[in-house]
Structures are given as C-alpha cells and as structure tokens.
J.: 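Quick one: the structure is below, questions incoming.
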Amino acid sequence: MKQNIAQIALVVDDYDEAIEFYTQKLRFTLVEDTVLSPTKRWVLVAPPGSTGCRLLLAKAVDELQKSRVGNQTGGRVFLFLHTDDFWRDYKQLVENQIVFVRDPTKEAYGTVAVFEDLYGNLWDLIGPG
C-alpha cells in the first residue's frame with residue numbers, strides 16, 4: 001500500500017487575500033482555483049518546485065471556523081517549509097516583509113526561523129546548514 005497526504009486545509013478569511021499573500025509574498029504557485037458555488041472555491045497553492053502536499057485555502061463560513069483563522073494549532077508552529085537554500089529564501093521573505101517571530105538558529109536538523117503568515121499562523125522555514 002502507498003499513501004500520502006495530498007492537501008492540508010488552511011482556514012482563511014478571504015480567498016483572494018490569501019491567494020495574493022501566498023503567491024506574491026511566499027512565491028507559492030497557484031495550482032488551482034475552481035469556483036464550486038457562489039460562496040465556495042477549491043483553491044490549492046504549493047511552494048515552488050514542490051510535487052508533494054499542497055495547501056487547500058478554505059474560507060471560513062461560520063463563527064467557529066472564523067475563530068480558528070490564524071490559530072489552527074493553539075499558537076504552535078503549524079506548517080514547515082523546507083528549502084534547499086535557507087539564506088536565499090530567508091532574505092527573500094524579509095524583502096517581502098514577512099514577519100519573523102524567531103530569528104534563524106542552527107539546530108541538529110538544519111537552520112530554522114519562525115515566521116507568521118498573513119493571519120498569524122506560525123511556520124518554520126528550515127534549510128540545510
């Protein structure tokens with residue numbers, strides 16, 4: 001048997017705002033944007049060069065979902081973005097005004113820094129070195 005995680009749903013306030021952030025600030029690729037109904041879209045984004053898991057940008061539709069936007073994991077790092085060149089991508093994110101809440105540090109598994117997405121979800125940027 002072979003299985004893999006294809007998508008992870010990320011609850012967002014607004015489709016277009018989230019697409020702009022992920023494609024312009026993080027340089028992700030817009031993989032799909034399909035209208036399913038007047039209020040629902042199937043929106044997938046992925047890091048450049050990625051062939052693995054994608055983010056499904058899912059618009060919050062009720063008060064419970066809206067309360068989770070930006071805090072899907074109770075303040076813990078939620079997503080992990082691996083890169084082949086940490087310093088290249090770190091500098092690009094800083095230039096794109098991404099907010100880093102933890103400066104780069106060397107760990108046993110590589111160099112890591114923590115940044116926020118547009119809603120405050122925490123991400124690790126991890127690379128060799």
Side-chain angles (χ1 to χ4, degrees):
M1 175 177 9
K2 180 180 177 184
Q3 298 179 337
N4 65 307
I5 296 174
Q7 288 101 9
I8 294 175
L10 181 66
V11 184
V12 301
D13 277 333
D14 179 82
Y15 290 118
D16 294 321
E17 171 183 74
I19 290 169
E20 180 179 348
F21 175 83
Y22 283 98
T23 62
Q24 301 300 311
K25 298 281 187 174
L26 296 187
R27 300 178 300 122
F28 281 25
T29 301
L30 178 60
V31 176
E32 184 175 351
D33 184 0
T34 302
V35 175
L36 301 175
S37 76
T39 59
K40 188 174 182 180
R41 290 156 59 181
W42 183 261
V43 179
L44 294 173
V45 295
S50 175
T51 58
C53 187
R54 299 168 175 174
L55 286 180
L56 173 67
L57 304 179
K59 185 176 177 181
V61 296
D62 59 28
E63 289 309 310
L64 180 59
Q65 290 178 15
K66 289 177 184 178
S67 75
R68 301 306 192 262
V69 172
N71 192 19
Q72 291 187 209
T73 59
R76 293 193 57 122
V77 170
F78 178 43
L79 297 162
F80 301 81
L81 182 60
H82 283 251
T83 176
D84 62 345
D85 187 330
F86 178 88
W87 292 108
R88 174 199 65 211
D89 292 344
Y90 176 79
K91 288 174 187 173
Q92 179 69 49
L93 293 173
V94 169
E95 288 173 9
N96 286 344
Q97 300 173 337
I98 297 300
V99 175
F100 279 84
V101 297
R102 268 185 244 140
D103 291 332
T105 59
K106 279 214 179 250
E107 301 294 342
Y109 52 86
T111 302
V112 61
V114 180
F115 68 90
E116 293 179 331
D117 68 13
L118 77 161
Y119 298 116
N121 293 299
L122 298 179
W123 288 66
D124 270 1
L125 175 67
I126 302 172

J.: How many angstroms lie between NZ in Lys59 and OG1 in Thr39, if you round to the nearest 0.5 Å?
T.: 7.5 Å
J.: Could you state the interatomic distance from CG (Asp85) to OG1 (Thr111), rounded to the nearest 0.5 Å?
T.: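 So the CG of Asp85 and the OG1 of Thr111 are separated by 10.5 Å.
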J.: Enter the distance from Ile8:CD1 to Arg54:CZ here, rounded to the nearest 0.5 Å.
T.: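 It comes to 13.0 Å.
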J.: Kindly assign one of parallel, tilted or perpendicular to the pair Tyr90 and Trp87, based on the angle between their ring planes and the thresholds 30° and 60°.
T.: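 Geometry flag for Trp87 against Tyr90: perpendicular rings.
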J.: Looking only at heavy atoms, what is the nearest atom pair of Leu125 and Phe86, with distance?
T.: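 Minimum heavy-atom separation between Leu125 and Phe86: O-CE1, 3.3 Å.
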J.: State, to 0.1 Å, how close Thr83 and Arg88 come at their nearest heavy-atom pair, and which atoms those are.
T.: OG1-NH2, 3.4 Å
J.: Okay, side chain of Glu32, backbone of Trp42: is any donor-acceptor separation there less than 3.5 Å?
T.: no
J.: Nearest 0.5 angstrom please: Thr23 OG1 to Asp33 CG, how far?
T.: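 Here the rounded value is 10.5 Å.
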J.: Output the distance between atom CG (Leu122) and atom CZ (Phe80), rounded to the nearest 0.5 Å.
T.: 10.0 Å
J.: So, do Asp16 and Arg41 sit near enough that their side-chain heavy atoms are less than 4.5 Å apart?
T.: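 Asp16 reaches Arg41 side chain to side chain.
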J.: Would a distance-only check, ignoring hydrogens and angles, find a side-chain to backbone donor-acceptor pair under 3.5 Å from Thr29 to Val31?
T.: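 No, the answer is negative, given that no donor and acceptor are paired below the 3.5 Å cut-off.
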J.: Within a 6.0 Å radius of atom CG on Leu64, are there more than 12 heavy atoms belonging to other residues, nucleotides or ligands?
T.: yes
J.: Does the side chain of Leu26 come within less than 4.5 Å of Phe115's, by heavy atoms?
T.: yes
J.: Other residues, nucleotides and ligands only: do more than 12 of their heavy atoms fall within 6.0 Å of CD on Gln65?
T.: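 For Gln65, atom CD is crowded (more than 12 foreign heavy atoms under 6.0 Å).
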J.: Using side-chain heavy atoms (C-beta onward) and a distance below 4.5 Å, is Glu20 in contact with Leu118?
T.: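 No; the side chains remain at least 4.5 Å from each other.
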J.: Can you find a pair of side-chain heavy atoms, one from Arg27 and one from Asp89, that are under 4.5 Å apart?
T.: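 A side-chain contact exists here, since the closest heavy-atom pair is under 4.5 Å.
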J.: Would a 4.5 Å heavy-atom cut-off, applied to side chains only, mark Asp117 and Leu10 as touching?
T.: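 The answer is yes; the side chains approach within 4.5 Å.
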J.: Check the orientation of Trp123 and Phe28. Use parallel for under 30°, tilted for 30 to 60°, and perpendicular for over 60°.
T.: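 Perpendicular.
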J.: Quick one: are Leu55 and Leu79 in side-chain contact, heavy atoms under 4.5 Å?
T.: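 Leu55 vs Leu79: side chains touch.
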J.: Judged by atom type as modelled, is there a donor-acceptor pair below 3.5 Å linking the side chain of Lys25 to the main-chain atoms of Asn96?
T.: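 Side chain of Lys25 to backbone of Asn96, a donor-acceptor pair under 3.5 Å: yes, one is there.
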J.: Find the distance between CD (Gln7) and CG (Leu44) and round it off to the nearest 0.5 Å.
T.: 5.0 Å
J.: Could you go step by step and tell me if Tyr119 and Glu17 meet the side chain to side chain donor-acceptor pair (under 3.5 Å) rule?
T.: CA-CA 10 Å; Tyr119 298 116; Glu17 171 183 74; 2.5 Å; yes
